[in-house]
Amino acid sequence: VEVLSAAGTPLTRMGIGDDFTVRIHLAVEKPVERWLLGFSIDTAGGQMALASNSDVLAIDLPPLEHDRSFDLHVRGAHFNPGSYYLNANF
């Protein structure tokens, strides 16, 4: 999992309202016909700050047959100052 700036460069810090991209890399051992993709961002204390997935967004994903990467774009996120954890869900 990577977090990228709006320009596509690796991101370790961001400002309030910055756009960013969550890039999720999947290694596929065998084909998967039906699946979901999502992510969550949690505070250091374990509180979920933001989450979404392909089901919530009503996105039908094609069958997964080989290793792939997916970009999830987040616009105008407003996080309080602090540290956060990023989780990818497949």
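All values below come from the heavy atoms of this structure, side chains included, with hydrogens, waters and symmetry mates left out.
Residue pairs meeting the salt bridge (charged side-chain N to carboxylate O under 4.0 Å, His left out) criterion with at least one partner in residues 13-22, sequence neighbours excluded, do not occur; the list is empty.
Hydrophobic clustering, with ILVMFWY side chains joined whenever heavy atoms are under 4.5 angstrom apart, keeps Leu4 apart from Met14.
The CD atom of Gln47 sits 10.5 Å away from atom OH of Tyr84, with the distance rounded to the nearest 0.5 Å. Distance check, rounded to the nearest 0.5 Å: CG of Leu72 to CD1 of Ile59 gives 8.0 Å. Separating the CD1 atom in Ile24 from the OG atom in Ser69 is a distance of 9.5 Å, to the nearest 0.5 Å. Within the model, atoms OG of Ser52 and CG of Leu57 stand 3.5 Å from one another, a figure rounded to the nearest 0.5 Å. To the nearest 0.5 Å, the span separating CZ on Phe70 from CZ on Phe90 amounts to 9.0 Å. Considering CD1 of Ile16 and CG of Asn80, their distance stands at 7.0 Å, rounded to 0.5 Å.
Looking at heavy atoms from C-beta onward, Asp71 lies in side-chain contact with Arg23 at the 4.5 angstrom threshold. Using a 4.5 Å cut-off on side-chain heavy atoms (C-beta onward), Asn89 and Leu36 make no contact. Side-chain contact check for Ile41 versus Phe79: some heavy-atom pair is nearer than 4.5 Å.
Looking only at distances, a side-chain donor or acceptor of Asp67 sits under 3.5 Å from a matching main-chain atom of Val28. Using modelled atom types, no side-chain atom of Ser5 and backbone atom of Leu11 make a donor-acceptor pair closer than 3.5 Å.
Closest heavy-atom contact between Ala77 and Phe20: CB-CE2, 3.6 Å. The two residues Leu86 and Glu2 come nearest to each other via the heavy atoms CD2-O, 4.4 Å.
Within 6.0 Å of atom CG in Asp60, 12 or fewer heavy atoms from other residues, nucleotides or ligands are found, so the atom counts as exposed in its surroundings.
Under the side chain to side chain donor-acceptor pair (under 3.5 Å) criterion, Arg68 pairs with no residue, sequence neighbours left out. Residues forming a salt bridge (Lys or Arg N to Asp or Glu O under 4.0 Å) with Asp55 (at least two apart in sequence, or on another chain): none.
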